[in-house]
Number of protein chains: 2
Amino acid sequence: MNRSASIDTPDQGLGGEGIGKESLKGSLGFLLRVAQLRSFGHFFAVMSEENVRPGEVTVLDLVRENPGIRQGVVSKTLKIKRAQMSKMVREMEAEGLIARRVPREDRRSVELRLTPAGEARIARIATRFPEIEARTGKRLTAAEARELRRLLIKMTGLEDKEGE
Amino acid sequence: MNRSASIDTPDQGLGGEGIGKESLKGSLGFLLRVAQLRSFGHFFAVMSEENVRPGEVTVLDLVRENPGIRQGVVSKTLKIKRAQMSKMVREMEAEGLIARRVPREDRRSVELRLTPAGEARIARIATRFPEIEARTGKRLTAAEARELRRLLIKMTGLEDKEGE
DNA sequence: TTAATTTTGTCTACTAGGAAACAAATACCG
DNA sequence: CGGTATTTGTTTCCTAGTAGACAAAATTAA
């Protein structure tokens with residue numbers, strides 16, 4: 001096990017699980033992290049059942065809603081860096097879920113569209129979105145969930161500008 | 001550049017940045033993700049200035065507040081998996097920031113304490129926490145920030161049980 | 001006590017994601 | 001027009017984090 005720590009006499013090291021005061025622990029940033037992890041946990045669990053990767057699903061969903069969307073716009077919208085998006089799109093193309101097309105009017109860019117297989121997959125998975133949403137907000141009343149959504153939108157400034 | 005996509009005629013692919021309707025994009029999960037990314041961005045920016053890694057800082061902060069805390073408790077509290085915590089602690093010990101000690105009464109576990117160097121580092125960095133917190137909540141009124149905190153705590157169930 | 005189970009931490013892959021350097025195409029500016 | 005700057009996507013390398021198997025110690029059951 002390769003434990004190099006010293007073995008020593010006790011020392012009132014809190015035996016139980018109790019935690020003392022807080023500082024970062026009570027910060028908004030930490031709470032957001034915990035909330036996001038919990039929410040993602042639900043999402044991930046369902047996507048595992050469906051044998052798909054979470055990231056793929058968000059891309060499929062956005063491309064479905066916006067056929068021909070440029071790859072960079074997907075990237076900005078979903079807050080995924082271009083490098084990562086590039087990899088994902090390559091894999092999804094290889095899986096036959098997505099089609100890339102370089103438009104004549106701007107040959108740097110790439111337009112994305114779903115293949116029929118992609119359409120089928122996202123359609124199947126999308127039926128489970130409400131379930132995930134419900135699980136995420138299950139401890140809140142409807143009014144509270146609405147207020148939480150409003151505060152998050154305000155906090156992030158998402159109302160004003162779409163892309164960063 | 002190795003572009004294998006077909007080059008073809010236009011096709012009303014939305015040239016602008018505009019996005020259509022929403023589905024996952026308006027979900028609570030996505031909003032939480034965006035909010036968390038923004039918050040983490042502030043945290044990360046400051047930690048970069050201070051030349052420390054964000055993960056380390058959260059551990060230092062928690063150990064400072066709870067000297068002798070067991071590694072697994074840190075892990076549960078910060079929602080970091082044990083494997084990752086194991087690596088972080090090893091590195092932080094190598095950096096001389098943290099001391100590990102195996103208590104006699106449970107020789108599986110490891111108690112963590114800060115070294116003087118660790119104390120010094122977290123003390124310096126902690127002075128910047130309020131700044132980060134302020135930046136995270138800068139678009140909200142004080143009342144809204146308080147309400148957001150309340151809703152996140154309720155949503156995650158953090159009030160009841162510390163662990164899990 | 002002995003045997004099975006659980007807890008605790010570690011190790012070895014593997015995945016997701018980010019940063020920086022790059023190339024190609026386009027936009028801007030003189 | 002010609003040259004510079006910007007945008008867009010890709011590639012390579014690196015870090016953070018996860019999953020799963022494992023070992024050792026402690027706990028529970030028989």
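The chains referred to below are lettered A, B, ... by the order of the sequence lines, with proteins before strands, and numbering in each begins at 1.
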[atom1]/[X] to [atom2]/[Y] distance, rounded to the nearest 0.5 angstrom?
{"X": "Met92(A)", "Y": "Leu97(A)", "atom1": "CE", "atom2": "CG", "value": "5.5 Å"}
{"X": "Ile80(B)", "Y": "Met85(B)", "atom1": "CD1", "atom2": "CE", "value": "4.0 Å"}
{"X": "Glu147(A)", "Y": "Leu152(A)", "atom1": "CD", "atom2": "CG", "value": "10.0 Å"}

For [X] and [N], what is the distance between atoms [atom1] and [atom2] respectively, to the nearest whole Å?
{"X": "Phe43(A)", "N": "dA16(C)", "atom1": "CZ", "atom2": "P", "answer": "13 Å"}
{"X": "Met85(A)", "N": "dA19(C)", "atom1": "CE", "atom2": "P", "answer": "15 Å"}
{"X": "Gln71(B)", "N": "dT10(C)", "atom1": "CD", "atom2": "C1'", "answer": "9 Å"}
{"X": "Glu111(A)", "N": "dG9(D)", "atom1": "CD", "atom2": "C1'", "answer": "14 Å"}
{"X": "Leu112(A)", "N": "dT8(D)", "atom1": "CG", "atom2": "P", "answer": "14 Å"}
{"X": "Leu78(A)", "N": "dA16(C)", "atom1": "CG", "atom2": "P", "answer": "15 Å"}
{"X": "Phe40(B)", "N": "dG17(C)", "atom1": "CZ", "atom2": "P", "answer": "14 Å"}
{"X": "Arg82(A)", "N": "dT11(D)", "atom1": "CZ", "atom2": "C1'", "answer": "13 Å"}

Determine, for [X] against [Y], whether the closest basic-nitrogen to carboxylate-oxygen distance falls under 4.0 angstrom.
{"X": "Glu49(B)", "Y": "Arg128(B)", "value": "yes"}
{"X": "Arg150(A)", "Y": "Glu144(B)", "value": "yes"}
{"X": "Arg149(B)", "Y": "Glu133(B)", "value": "yes"}
{"X": "Glu91(A)", "Y": "Lys87(A)", "value": "no"}

Output yes when a side-chain donor or acceptor of [X] lies under 3.5 Å from a complementary backbone atom of [Y], and no otherwise.
{"X": "Ser48(B)", "Y": "Phe44(B)", "result": "yes"}
{"X": "Arg100(B)", "Y": "Val110(B)", "result": "no"}
{"X": "Arg33(B)", "Y": "Lys79(A)", "result": "yes"}
{"X": "Ser27(A)", "Y": "Leu24(A)", "result": "yes"}

Using a cutoff of under 3.5 Å, can you pull out all pairs of nitrogen or oxygen atoms linking the protein to nucleotides 15-19 of chain D, with atom names and distances?
from, atom 1, to, atom 2, distance (Å)
dG17(D), OP2, Gln84(B), NE2, 3.0
dG17(D), N7, Gln84(B), OE1, 3.2
dG17(D), N7, Lys87(B), NZ, 3.1
dG17(D), O6, Lys87(B), NZ, 3.2
dT18(D), O4, Lys87(B), NZ, 3.2

Task: salt bridge (charged side-chain N to carboxylate O under 4.0 Å, His left out) partners for Lys138(B), two or more places apart - done: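 Lys138(B) satisfies salt bridge (charged side-chain N to carboxylate O under 4.0 Å, His left out) with no residue once adjacent residues are dropped.
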Open item on the list: Glu119(B): which residues meet the side-chain contact (heavy atoms from CB on, under 4.5 Å) condition with it, sequence neighbours left out?
Closed with: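 Here the qualifying residues are Arg64(B), Leu114(B).
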Could you write out each protein N or O paired with an N or O of nucleotides 26-28 of chain D at a distance under 3.5 Å?
from, atom 1, to, atom 2, distance (Å)
dA26(D), OP1, Arg107(B), N, 2.9

Open item on the list: Less than 4.0 angstrom between a side-chain N/O of Arg100(B) and OP1 or OP2 of dT10(C), yes or no?
Closed with: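 Checking Arg100(B) against dT10(C): at least one side-chain N or O falls below 4.0 Å of OP1 or OP2.
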Open item on the list: Between Arg90(A) and dT11(D), is there a contact of a side-chain N or O with OP1 or OP2 at under 4.0 Å?
Closed with: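 So the side-chain polar atoms of Arg90(A) do come within 4.0 Å of the phosphate oxygens OP1 or OP2 of dT11(D), strictly under.
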N/O to N/O distances under 3.5 Å, protein versus nucleotides 1-5 of chain C:
none

TODO: Specify the closest pair of heavy atoms between Ser39(A) and Thr136(A), including all atoms of both residues, with the distance to one decimal.
DONE: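 Looking at all heavy atoms of both residues, the shortest contact is CB-CG2, 3.8 Å.
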Task: Five-pair end axes of the helix from dT1(C)-dA30(D) to dG30(C)-dC1(D), angle between them (10°) - done: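 Between the axes fitted at each end of the helix from dT1(C)-dA30(D) to dG30(C)-dC1(D) lies an angle of 30°.
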